[in-house]
> 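Supplied in structure tokens, the structure appears directly below.
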Number of protein chains: 2
Amino acid sequence: MSHPSDRQAPDLAALIARNRPRFRTATEFVEAAMREAILEGVLPAGAPLRQEDLAAAFGVSRMPVREALRQLEARALVEFHPHRGAVVAEISAEDSADIGAIRAALEPAALRLSLLHLTTDDLALATELIAEMDAEADPGRMGELNRRFHMTLYSRAGRPRLLALVEQHLAAADRYLRFQFSALGYHPRSQDEHHALLAACRAGDADAACDIVVRHVIQAGEQLSAFLDGRG
Amino acid sequence: MSHPSDRQAPDLAALIARNRPRFRTATEFVEAAMREAILEGVLPAGAPLRQEDLAAAFGVSRMPVREALRQLEARALVEFHPHRGAVVAEISAEDSADIGAIRAALEPAALRLSLLHLTTDDLALATELIAEMDAEADPGRMGELNRRFHMTLYSRAGRPRLLALVEQHLAAADRYLRFQFSALGYHPRSQDEHHALLAACRAGDADAACDIVVRHVIQAGEQLSAFLDGRG
DNA sequence: TGCCTGGATATTGGATCCAATTTACCTGTC
DNA sequence: GACAGGTAAATTGGATCCAATATCCAGGCA
């Protein structure tokens with residue numbers, strides 16, 4: 001029922017139509033759709049965000065757009081320049097390293113809190129997600145699967161704020177991952193690490209699992225930094 | 001001037017007057033002032049945030065207030081209930097533990113990145129801030145000094161996003177710290193830890209410094225959790 | 001020729017106005 | 001007397017309107 005082109009061709013119009021009915025206030029809807037659009041690269045880094053245009057695209061007035069932009073500003077996804085408008089936040093090697101440092105700090109903490117409370121269902125789901133990743137070629141879907149895999153392992157941490165932060169930065173990293181993926185191709189080493197991570201979780205070995213996560217994050221960050229530095 | 005129908009605390013007016021000239025857009029100004037008001041307890045947890053009242057208090061229309069509220073929502077300082085209004089985010093033992101877990105993860109990471117780049121000026125400033133804390137009785141000022149002390153030690157990490165996150169959660173913790181301070185009094189143990197932390201930084205001993213920070217955060221969190229649990 | 005100045009234009013920031021939803025209260029009935 | 005229904009008031013969400021500011025281009029002056 002969904003041919004590749006349906007969910008693959010994520011132009012702004014499709015993304016809007018898909019999300020419209022799910023939200024009760026226009027602001028919520030615009031905020032969620034724009035966040036997705038930015039994270040998926042539909043709105044590329046540096047793109048100017050003209051309120052009037054966005055309002056027309058969403059079929060609302062400028063006001064919900066403005067409120068949504070403010071929320072995204074607080075999440076560092078857009079930048080405001082007073083009286084000059086908002087732009088999609090730029091990406092850079094420094095920012096990538098910044099996000100990597102945050103992930104390397106937060107994710108082991110979440111994993112450690114979650115590890116012992118993971119159910120067999122959780123582990124089964126994680127296994128399934130790894131398998132799906134093997135079969136997936138689209139960078140967008142891949143990023144989502146990767147995010148869900150990690151979040152599944154952290155999900156029992158019982159710390160909503162911590163998990164929200166982890167998810168937020170996992171998503172932020174996706175902006176880079178997608179970039180990297182389409183430029184370099186995805187390398188299987190990451191999948192090996194996923195398997196190793198899952199094995200450590202099954203064994204309940206927190207130290208080993210955290211170690212793998214940290215290395216996983218750092219190594220991805222370094223590769224990306226090198227790539228971004230290389231192209232300027 | 002402020003009659004019974006004014007629902008906000010009386011010294012909100014002072015806070016507003018103090019901050020007004022510093023910002024160029026009304027939204028920025030309102031956002032900063034409200035954040036400070038919430039963190040300082042001027043707007044207590046659970047307080048309903050009537051847009052009309054706030055607009056009148058700030059001398060602006062409802063719109064900058066709405067945009068500011070959206071930004072604060074993204075920072076988890078206020079909660080929106082559709083068509084029912086916004087309230088100041090509640091505090092709870094769980095949330096305190098949540099913030100503690102985040103700080104315990106982020107702050108050692110920031111410290112480790114910053115430690116070797118600290119200048120003698122930084123260390124001198126940190127020393128001064130500890131001394132000021134000894135002399136300070138007001139919980140509000142104390143919280144600010146504590147925050148500045150910590151941030152001084154992290155300031156050379158060279159990771160803007162990480163530092164912003166740390167500062168944000170340090171400030172969030174302040175909401176609890178202030179609460180604790182006025183209920184329990186401040187205990188000198190924390191100051192001892194500050195001295196020990198500074199000594200480790202001077203010595204360039206990252207492991208020891210991180211260890212102290214983690215224990216510092218965890219112990220504050222536990223004491224606070226116990227206190228909050230105790231009162232319901 | 002190059003730089004500065006001034007005005008026109010586009011775009012955002014802020015205010016006001018209208019609609020939609022929720023809540024509280026009042027009334028009527030069981 | 002209590003509960004259900006409905007209506008009115010209050011408040012938010014959204015749209016439109018106006019003002020303030022930044023950019024861009026043209027023209028004058030050194």
Side-chain angles (χ1 to χ4, degrees), chain A residues 12 16-17 19-35 38 43 46-90, chain B residues 3-8 12 16-17 19-35 38 43 46-90:
Chain A
L12 196 53
I16 289 170
N19 285 320
R20 158 119 53 194
R22 293 211 320 244
F23 300 95
R24 288 182 311 157
T25 76
T27 299
E28 264 180 44
F29 157 56
V30 173
E31 194 268 339
M34 285 194 59
R35 176 167 42 178
I38 293 172
L43 293 172
L49 299 167
R50 295 271 161 274
Q51 298 176 359
E52 199 81 49
D53 298 351
L54 290 170
F58 283 104
V60 298
S61 82
R62 269 178 51 213
M63 170 146 335
V65 173
R66 281 164 64 175
E67 289 189 1
L69 286 174
R70 288 295 180 186
Q71 284 178 294
L72 296 171
E73 184 199 20
R75 293 204 149 82
L77 288 176
V78 314
E79 292 171 10
F80 267 82
H81 301 276
H83 291 107
R84 286 177 45 193
V87 298
V88 178
E90 292 285 355
Chain B
H3 49 70
S5 68
D6 288 347
R7 277 180 237 175
Q8 310 306 338
L12 186 58
I16 290 170
N19 285 322
R20 167 147 14 218
R22 294 212 317 245
F23 300 95
R24 289 185 314 154
T25 76
T27 299
E28 264 180 44
F29 156 56
V30 173
E31 194 268 342
M34 284 193 59
R35 175 167 42 180
I38 292 173
L43 293 172
L49 298 168
R50 296 270 161 272
Q51 298 176 0
E52 199 81 49
D53 297 351
L54 290 170
F58 283 103
V60 298
S61 82
R62 269 178 51 213
M63 172 148 336
V65 173
R66 281 163 64 174
E67 288 189 1
L69 286 175
R70 289 293 178 186
Q71 285 179 293
L72 296 171
E73 184 199 19
R75 294 206 146 84
L77 288 176
V78 314
E79 293 171 10
F80 266 78
H81 301 277
H83 291 107
R84 287 176 44 194
V87 298
V88 178
E90 292 285 354

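A note on names: the letters A, B, ... follow the listed sequences, proteins ahead of strands, and every chain is numbered from 1.
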> Side-chain N or O of B:Thr27 less than 4.0 angstrom from OP1 or OP2 on C:dG14?
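Yes, B:Thr27 has a side-chain N/O under 4.0 Å of OP1/OP2 on C:dG14.
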> Rounded to the nearest angstrom, tell me the gap between atom CG in A:Asp53 and atom P in C:dA10.
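Answer to the nearest Å: 13 Å.
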> Between atom CD in B:Gln71 and atom P in C:dG13, what is the gap in whole Å?
11 Å
> How close or far is atom C1' of D:dC17 from atom CD of A:Glu52, stated in whole angstroms?
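That distance rounds to 12 Å.
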> Within the modelled atom types, does a donor on one side and an acceptor on the other bring the side chain of B:Arg66 and the base of D:dG14 under 3.5 Å apart?
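When only heavy-atom distances are counted, B:Arg66 does reach the base of D:dG14 through a donor-acceptor pair under 3.5 Å.
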> Is A:Leu49 touching bases, backbone alone, or none of the nucleic acid, heavy atoms closer than 4.0 Å?
sugar-phosphate
> Without decimals, in angstroms, what is the distance between B:His81 NE2 and C:dT21 P?
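Computing the B:His81:NE2 to C:dT21:P distance gives 19 Å.
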> Side-chain contact, heavy-atom cut-off 4.5 Å: A:Met34 with A:Phe58?
yes
> Quick check: any donor-acceptor pair below 3.5 Å linking the side-chain of B:Arg62 to the base of D:dG13?
yes
> Could you please name the option among D:dG13, D:dT16, C:dG14 that lies closest to any side-chain atom of A:Ser61?
D:dT16
> In whole angstrom, give the distance that lies between atom CG of A:Leu54 and atom P of C:dT11.
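About 12 Å, once rounded to whole Å.
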> Does the side chain of B:Val30 come within less than 4.5 Å of B:Glu67's, by heavy atoms?
no
> Tell me the closest heavy-atom pair linking B:Ala89 and B:Ala76, and the distance in Å.
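Residues B:Ala89 and B:Ala76, closest heavy atoms: CB-O, 3.5 Å.
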> For the side chain of B:Arg50, counting heavy atoms from C-beta on, which of D:dT16, D:dG13, D:dT11 is nearest?
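Of all the options, the side chain of B:Arg50 is nearest to D:dT11.
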> Rounded to whole Å, how long is the line connecting atom CZ of A:Phe80 with atom P of D:dA22?
16 Å
> Any salt bridge linking B:Glu73 with B:Arg70? Criterion: basic side-chain nitrogen under 4.0 Å from a carboxylate oxygen.
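Judged by the 4.0 Å cut-off on N to carboxylate O distance, B:Glu73 and B:Arg70 do form a salt bridge.
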> Between P on D:dT12 and CD on B:Glu79, what's the gap in Å once rounded to a whole number?
16 Å
> Which of the following nucleotides, D:dA22, C:dG14, D:dG13, is nearest to the side chain of B:Arg24?
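For B:Arg24, the side-chain atoms sit closest to D:dA22.
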> Atom CE of B:Met63 and atom C1' of D:dT12: how far apart are they, to the nearest Å?
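Rounded to whole Å, this separation is 13 Å.
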> For D:dT21, does OP1 or OP2 lie under 4.0 Å from any side-chain N or O of A:Arg84?
no
> Side-chain contact test, heavy atoms from C-beta onward, threshold under 4.5 Å: evaluate it for A:Met63 versus B:Met63 and give yes or no.
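Yes, close enough: below the 4.5 Å cut-off.
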